[in-house]
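Input: a single structure, listed below in structure tokens.
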Amino acid sequence: MKIQTSLLSLAVVCALALPAIAGAQDAKLDPKAKVDAAVAAQNAVDSAHAADADAKSARQAAVAAKATEKTAITAEGAAIAADVAAIANQSAIDADRSSQQAARAANQALGAKSAADFGNQPVGAVNEARQAATTGEAAEFATADAAATADAAATAAEDAAAMQPEPVRPPSMSRPAPRQPVEQVVNVISVPPNSIRGDYTIDFDAMDSNHDGFISTREAASNATLTAEFKAVDNNHDRKLSKAELKGWIK
């Protein structure tokens with residue numbers, strides 16, 4: 001009788017455990033969880049690749065800006081080029097830092113994808129993959145911003161290096177007539193931070209290289225003025241510009 005009771009107890013325990021085991025296996029094999037984790041991981045990897053390319057571009061811009069110091073025509077131009085080259089160098093450092101962050105996020109997302117494929121907590125793994133993808137995207141945007149700044153600084157350094165010396169005027173033989181005092185008129189213009197001034201024109205469709213209906217910071221890098229005022233135009237702060245936000249630019 002005692003043996004039969006023990007066997008009955010064991011049967012009850014097994015019956016209770018089987019649904020839990022089956023549920024864990026179902027969760028582990030949930031196709032949607034795998035797909036969601038895979039998509040998030042791929043997004044994170046894409047962000048890491050884009051950030052790496054932008055970081056490389058920023059480093060090249062910093063090197064180019066530094067080289068202008070030796071080619072400057074005037075001492076004043078060389079001094080300006082040196083200051084701007086320092087900005088380009090710092091932007092390259094920032095771009096590298098953001099690119100490394102994007103790479104870490106991609107590795108984290110890939111690890112979460114593996115957990116969703118083979119682990120017993122796919123929901124948690126999917127959430128981790130999504131969070132990593134979001135972190136990677138933010139790092140990609142930060143890298144693109146730094147690369148755009150480095151590129152603009154390199155262009156400014158090149159312009160400074162090309163500055164021509166002031167022409168030397170020969171001394172006048174005759175005494176110049178005394179100048180009459182002129183009342184100076186000063187116009188003061190108050191401009192709020194991040195405001196947009198001027199009349200600009202861009203080709204939205206040509207700049208939108210991936211044809212997603214928006215212009216990213218990386219796509220805007222070809223236009224130095226738009227890059228400088230990107231944050232002012234980006235009304236909803238989503239790091240991309242729509243045609244509606246660029247209504248004042250496009251003619």
Side-chain angles (χ1 to χ4, degrees), residues 43-68 80-81 83-103 105-106 133-162 193-251:
N43 289 340
V45 170
D46 290 344
S47 291
H49 285 316
D52 181 68
D54 285 335
K56 181 179 180 180
S57 176
R59 290 193 296 271
Q60 292 174 343
V63 171
K66 181 66 177 178
T68 60
I80 296 175
D83 290 340
V84 179
I87 296 175
N89 184 66
Q90 182 59 52
S91 296
I93 293 174
D94 294 340
D96 277 331
R97 185 181 298 113
S98 297
S99 177
Q100 292 169 7
Q101 185 179 4
T134 300
T135 301
E137 185 179 22
E140 176 192 357
F141 287 145
T143 308
D145 287 342
T149 300
D151 186 66
T155 300
E158 184 178 352
D159 292 341
N194 289 332
S195 65
I196 305 170
R197 299 178 58 200
D199 184 16
Y200 304 90
T201 301
I202 64 171
D203 187 342
F204 185 98
D205 294 332
M207 188 173 291
D208 181 16
S209 59
N210 62 357
H211 307 296
D212 64 347
F214 299 92
I215 294 178
S216 65
T217 52
R218 187 165 62 256
E219 291 171 331
S222 61
N223 188 306
T225 305
L226 180 57
T227 297
E229 298 188 6
F230 193 97
K231 291 182 180 179
V233 182
D234 185 13
N235 296 326
N236 58 3
H237 308 295
D238 63 350
R239 295 179 177 272
K240 57 186 179 180
L241 304 179
S242 65
K243 284 189 176 181
E245 290 173 318
L246 284 167
K247 184 177 180 181
W249 283 61
I250 302 174
K251 299 297 182 183

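Atom set for the values below is all heavy atoms of this structure, side chains included, hydrogens, waters and symmetry mates excluded. Nothing fancy with the numbering, it's 1 onward along the sequence.
- In this structure, F141 and T217 approach most closely via the heavy-atom pair O-OG1, 4.3 Å.
- Using a 4.5 Å heavy-atom cutoff, the side chains of V84 and T68 are not in contact.
- Within the 4.5 Å cutoff, side-chain heavy atoms of E219 are placed close to those of N210.
- Going from atom CD of E140 over to atom OG1 of T135 covers 13.0 Å, rounded to the nearest 0.5 Å.
- The shortest non-hydrogen separation linking A58 to A147 is CB-CA, 3.8 Å.
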side-chain contact (heavy atoms from CB on, under 4.5 Å) between K66 and N89, worked out: CA-CA 8 Å; K66 181 66 177 178; N89 184 66; over 6 Å; no
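- One N or O on the side chain of T227 and one on the backbone of A220 form a donor-acceptor pair closer than 3.5 Å.
- Atom CD of E158 is surrounded by 12 or fewer heavy atoms from other residues, nucleotides or ligands within 6.0 Å.
- Rounding to the nearest 0.5 Å places OG of S91 at 13.5 Å from CZ of R59.
- In this structure a side-chain-to-backbone donor-acceptor pair under 3.5 Å is present from E245 to S242.
- For the pair A88 and A61, the tightest heavy-atom approach, listed with the atom from each and the gap, is CB-O, 4.5 Å.
- Residues that satisfy the salt bridge (charged side-chain N to carboxylate O under 4.0 Å, His left out) test with D205, not counting sequence neighbours, are K243.
- Distance check, rounded to the nearest 0.5 Å: CG of D54 to OG of S98 gives 10.0 Å.
- A donor-acceptor pair is defined here as one N or O able to donate and one able to accept, closer than 3.5 Å; such a pair exists between the side chain of S47 and the backbone of N43.
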Evaluate the criterion salt bridge (Lys or Arg N to Asp or Glu O under 4.0 Å) for residue pair R239 and D145; output intermediate values, then yes/no. CA-CA 10 Å; R239 295 179 177 272; D145 287 342; 2.8 Å; yes
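- Under the salt bridge (charged side-chain N to carboxylate O under 4.0 Å, His left out) criterion, K240 pairs with no residue at all, not counting sequence neighbours.
- When all heavy atoms are compared, the tightest approach of A157 to A81 is O-CB, 3.9 Å.
- The structure places OG of S216 at 11.0 Å from CG of D238, a figure rounded to the nearest 0.5 Å.
- For D94, the salt bridge (charged side-chain N to carboxylate O under 4.0 Å, His left out) test picks out R97, with sequence neighbours left out.
- In this structure, D208 and F214 approach most closely via the heavy-atom pair OD1-O, 2.9 Å.
- Here the CD atom belonging to E229 is positioned 11.5 Å from the CG atom belonging to L241, to the nearest 0.5 angstrom.
- The two atoms that bring A102 and A51 nearest to each other are CB-CB, 3.8 Å, heavy atoms only.
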